[in-house]
Amino acid sequence: MQLPLGKIAEIVGSPHPTSERVAQGYSIDSRRMEGGQLFFAIRGRRFDGHEFVPDVLEHGAAGAVVERKFWESSSPEIRESLIPVQDTTKALQR
């Protein structure tokens, strides 16, 4: 998969513009992220992927799909790498 973040935002139904960085694959596991991949911040029973968003971006992720609440509380410099959605699990399924 190689898609610009703007196209991914369109696919998952996010109305917010993002940078035109290109994602090369995706992951829901921050420990297995490779540079250039898109991170989906999934909430689980034991972990909340949103806790790992700053780390994956710092280590070269192309961007992250996050819930709107997280996006709203993020700094403007981080927001350009984020794709806000209502539900990250449903966005991943799309």
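This chain uses plain numbering: 1 for the first residue, then up along the sequence. Quantities reported herein were computed from a predicted structural model and do not represent experimental measurements.
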Exercise. Flag yes if more than 12 heavy atoms outside Y26 fall under 6.0 Å of its OH atom; otherwise flag no.
Key: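 No, OH of Y26 has 12 or fewer neighbouring heavy atoms, counting only those of other groups under 6.0 Å.
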Quiz item: With the threshold set at 4.0 Å, does a side-chain nitrogen-carboxylate oxygen contact exist between E72 and K69?
Solution: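 No, this pair does not count.
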Quiz item: Is it true that R21 and E80 have a side-chain N and a carboxylate O under 4.0 angstrom from each other?
Solution: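 E80 and R21: salt-bridged.
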In Å, rounded to the nearest 0.5 Å, how long is the span from [atom1] of [X] to [atom2] of [Y]?
X	Y	atom1	atom2	value
R32	S27	CZ	OG	8.5 Å
L38	I28	CG	CD1	12.0 Å
F52	M33	CZ	CE	13.0 Å
D29	F47	CG	CZ	9.5 Å
L57	L82	CG	CG	6.0 Å

Quiz item: For the side-chain contact (heavy atoms from CB on, under 4.5 Å) test, which of V66, L92, V65 pairs with V85?
Solution: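 Only match with V85 under side-chain contact (heavy atoms from CB on, under 4.5 Å): V65.
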Please report the closest heavy-atom contact between [X] and [Y], naming both atoms and the distance.
X	Y	result
A23	A62	CA-CB, 3.9 Å
R79	S74	NE-O, 3.2 Å
V53	A64	CG1-CB, 4.1 Å
P4	E20	CB-OE1, 3.2 Å
L5	G63	CD1-CA, 4.2 Å

Self-check item: I11 reachable from F40 in the ILVMFWY side-chain graph, under 4.5 Å edges
Solution: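 Same cluster.
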Quiz item: Taking atom types as modelled and ignoring hydrogens, do the side chains of T88 and R43 form a donor-acceptor contact shorter than 3.5 angstrom?
Solution: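 Not at all, the side chains of T88 and R43 share no donor-acceptor pair under 3.5 Å.
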Quiz item: Hey, is the main chain of K90 close enough, under 3.5 Å, to the side chain of D87 for a donor-acceptor pair?
Solution: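 Between the backbone of K90 and the side chain of D87 there is a qualifying donor-acceptor contact (under 3.5 Å).
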Practice problem: Could you check whether the rings of H50 and F70 sit parallel, tilted or perpendicular, using 30° and 60° as the cut-offs? | Solution: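 Because their plane-to-plane angle lies in the 30° to 60° range, the rings of H50 and F70 count as tilted.
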Practice problem: Could you walk me through whether S30 and F39 pass side chain to side chain contact (heavy atoms under 4.5 Å, CB included), step by step? | Solution: CA-CA 7 Å; S30 63; F39 180 65; 4.1 Å; yes
Quiz item: Less than 4.5 Å apart, any side-chain heavy atom of R68 and any of Q86?
Solution: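 They are in contact (side-chain heavy atoms under 4.5 Å apart), so the answer is yes.
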